[in-house]
Amino acid sequence: MGAMRFSVIIFCAVLCVCSGQLRREAYATVPQLIASSGYPVEKHRVTTEDGYILQIFRIPAGRRSARRSGPSAKGKRAVMIVHGLMGNSGNFVIMGPQNSLGYILADAGYDVWLANLRGNFYTAHKNLTRNDPAFWEFSFHEHGKYDAPAIIDKILTITGLSKVFYIGHSMGTTTFFTMLSQRPEYNDKLVAFVAMAPAVYMSNMKAFVNFFLKSFDLLNVMRRRGYHALSIRPEVLAMFVGSFCTARQPQTDICMRFLYAIVGEDYDLNPWDMVPVLLSSMHPASFRQVEHFAKVAMTDVFTSWEDGLYGEVKPYNLDNVKVPVTILYGENDQLTEKSQIMRLVDQLNKTGVLESVQAGGGWPKFNHLDFIFAKDVGKMVNRPLVEHIGDLYNKYYNE
Ligand SMILES: *[C@@H]1O[C@H](CO)[C@@H](O)[C@H](O)[C@H]1NC(C)=O
Ligand SMILES: *[C@@H]1O[C@H](CO)[C@@H](O)[C@H](O)[C@H]1NC(C)=O
């Protein structure tokens, strides 16, 4: 009995210590995180044509200038950053001022806008709750058709600028391409585009798709049980992470090994103390999002959803992209694999919009998530990228 109670106390103590360690980055909201890092932050609400309400966050000034003269974005160049599947706006501040793109851009004098796409915890709908199956009937098709355009219009209205610079990671790039395919008039509202690990062709994922969606019919099984999204409650995830994701060596680690099977292995750049935070910052994705990527993988075509996974194949028109595109890829990215990214590169080169192609970090093991979470991502990717953005502004923006 005594021993039993003792174990319970130890167990609780361990949980408390773990959640204590997790608290700041894992439980803080993105605006809280930004403010606690010493940056000014604003929240804005965007309502899409089809009734989704998206919170977006702005870092209007860098850390030092904020202290000296109060935050002001007047006359600054605006950059919007769009997250990937199961990501959120926090992806671009989570690694702190030395590393994260949001802060480095703000410190370099940009007016930074962090987008949230429908589905993540910073989004809602006017008439639907998150328990409503209809809430989850969307993919990157709708992110591109409704969310990104509404966010761009909001930024241009508030800043009075005529154009914004678009940066996307993974599905944030899919959103860009589906947007311009469906609404080419948005070319006129963009300076240029940087695509990190663009997810447009995904034929490398065929085996994975066949296993989970075709043989196993996983998502439809889940649907019949009343689920419509990949969503894990943050407290549950934190507890799981606190118990299982504490190994700090490749030999004993379960969590990263599982994740690396999907995104590519890179133990060298893994920020070990951030692993629990990294995993607990995953936000929900609709089954449709996953299935739409699956359709792209199965058909070898960057196709719209139309009438479903086995329905008509109808390519998005990438010829509609008219703004310069810079592509960054990971040499060891298993999710958006180099061979697939090079298909996109060739296509954009033919239509004359390819600006440049760069290997992320110049590092042979660079993987899909290193663009966000690599421990040296500031020095390896983001600082050179901010210089490049400056060059693109000088080249293409004449106001
Ligand atoms: C929300 O509900 C109102 C009232 O029922 C309806 O008029 C409107 O079209 C709905 N909007 C959306 C986006 O579903
Ligand atoms: C783009 O096309 C030009 C002309 O065909 C070719 O010389 C160049 O190597 C291509 N660039 C890339 C990155 O594929």
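Counting convention: from 1, in listed order, for ligands and their atoms alike.
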Salt-bridge criterion met for K206 and D300 (N-O under 4.0 Å): yes
Closest protein heavy atom to atom 10 (C) of ligand 2, given as residue, atom name and distance to 0.1 Å: N349 ND2, 2.4 Å
K395 bridged to E355 by N-O distance under 4.0 Å: yes
Donor + acceptor pair across side chains of Y186, D153 (<3.5 Å): yes
Protein residue, atom and distance nearest to atom 13 (C) of ligand 2, heavy-atom basis: L354 CD2, 3.8 Å
4.0 Å protein heavy-atom contact status of atom 2 (O) of ligand 2, strictly under: yes
Under-4.0 Å heavy-atom contact between protein and atom 8 (C) of ligand 2: yes
Aromatic ring proximity F140/F293, centre distance under 6.0 Å: yes
